[in-house]
2 protein chains.
Amino acid sequence: MPKSREPLSTRRVLQAALALADSGGTDSLSMRHLGRELGVEAMSLYRHVANKEAVLDGIVDLVVDEIDLPGDDSDWKAAMRRRGETAHRVLTRHPWAPALLMSRTNTGPAMLRYIDFTLGVLRGAGFSWRLADYAWNTMDSYVYGFTLRRLNFPIAAADYADTAAAYEYLLAGGRYPHMAELTRQVAEGHHPGDPDITFGLDLILDGLEHLRDREAAP
Amino acid sequence: MPKSREPLSTRRVLQAALALADSGGTDSLSMRHLGRELGVEAMSLYRHVANKEAVLDGIVDLVVDEIDLPGDDSDWKAAMRRRGETAHRVLTRHPWAPALLMSRTNTGPAMLRYIDFTLGVLRGAGFSWRLADYAWNTMDSYVYGFTLRRLNFPIAAADYADTAAAYEYLLAGGRYPHMAELTRQVAEGHHPGDPDITFGLDLILDGLEHLRDREAAP
DNA sequence: CACCCTTGCTTACGTCGTAAGCTTACACTG
DNA sequence: CAGTGTAAGCTTACGACGTAAGCAAGGGTG
């Protein structure tokens, strides 16, 4: 442990906070813990950060900044699909992030850049302002919603079939016949049972394309 | 005068917790506050409730139970649309609920009933198990995601156009040209700027119908 | 040298969830 | 009736939490 500390800074605090959240989730991200990690008392952090809210806003924007924007892609659908997949992958790397991302107003620079890029792609593909706005909102509602639900799904993707059986007691008694049957289908391998984000992503993108074309030629 | 309290019960505790969350959000829902509301010490609650997690699980399921299931509806699309709209409306009545609903495993009876019903509708409409499973997951990811984002959107729907101007400072400097232009479009009334859940709902439902038909006749 | 300004530290307050043990009140026995 | 068991609620306490208020120490500037 190198005891010679370099001075704190907002950046250093946020990066440590991000690392802390990654290693132990939002629960382990307390100002005291964060200070300890930086070799400093909790109150010292307040010289570089307004309060804990600011820390949360900061690390969320750090995560959003990890979402690479696709390069110049002439195919808007491919670009949008890639955008959604990348966001999903990044958010999955930081499992604590989606809940924060969705439940607070985020106006950090990375988020603004991200939205602006998206609007640009859609406008370039001929979407009206109205449709482009609805389009990205629909996409993001789905992508974030899917990711957050996925992260909290009690069964890991790998051993879905195995673990599903453990939940069968809930379905005993015939109160939930369809769920019971669905579980059986998964357990017997007739249905992977492992939802993939691309299913809804392509569904939405195809629908958006259709709406754009209909809008263009009424 | 010692107020003659009726005895506590799990139901009474959960109902009080629900009321508390509705009136002041999740922040004001502490075991101490909840006890005070019931005229009881915090620790007394633990006779009827395992811990705070159980309280949270309980009130989430109470909310889900408020989501009326559409009656026998021969039109699966109408039923599903109604289902989504109702869920959105109920969750909007309890603004603290979506975050909890999405970020914890919910296996309460109301939730199971709700999912089972949905699977029944889709199966009745000719969806395969696989497609039915993907379908409701896509729907719910969108509905919950949309609702949660919406609730945290800083601008109320009513005065979107007015308030949008207040955020213009963020967009100054030309760093986010598309967002700036979009804001202008809204401010000038060319685009309502107020996303409605039915946009994405219908988009997804139309897409699902298409997939079902394609699956039936390969 | 005196000055102040930045940085980090100390102490303290009111909050939280909940473990452990205690008291009270009532329903049964015999 | 006394005696006992049990459930419901109470008391106290512990170790967290975010952060307000004020202090100390070092370095750069005049």
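By convention in this document, chain letters (A, B, ...) are assigned in the order of the sequence lines, proteins followed by strands, and residues within each chain are numbered from 1. Only heavy atoms go into these numbers, but all of them, side chains included; no hydrogens, no water, no symmetry mates.
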In whole angstroms, the gap separating C1' of C:dC9 from CG of A:Leu45 amounts to 12 Å
Nucleotide by nucleotide, nucleotides 14-26 of chain C touches protein heavy atoms under 4.0 Å in the pattern (B base, S sugar-phosphate only, - none) --BBBBB------
Over 12 foreign heavy atoms within 6.0 Å of CZ, A:Arg93: yes
- prompt: Using the ring of each side chain (for Trp, its six-membered ring), is B:Phe199 parallel, tilted or perpendicular to A:Tyr134, with breaks at 30° and 60°?
  reply: tilted
Side-chain donor or acceptor of A:His33 paired with backbone N/O of A:Ser28 under 3.5 Å:
yes
Just do the side chain to side chain contact (heavy atoms under 4.5 Å, CB included) check on B:Val13 and B:Tyr46 with the steps written out, would you? CA-CA 10 Å; B:Val13 170; B:Tyr46 287 81; over 6 Å; no
Residues A:Val143 and A:Ala87: closest non-hydrogen pair is CG1-CB, 4.2 Å
Taken to the nearest whole Å, CG/A:Leu34 to P/D:dT19 is 12 Å
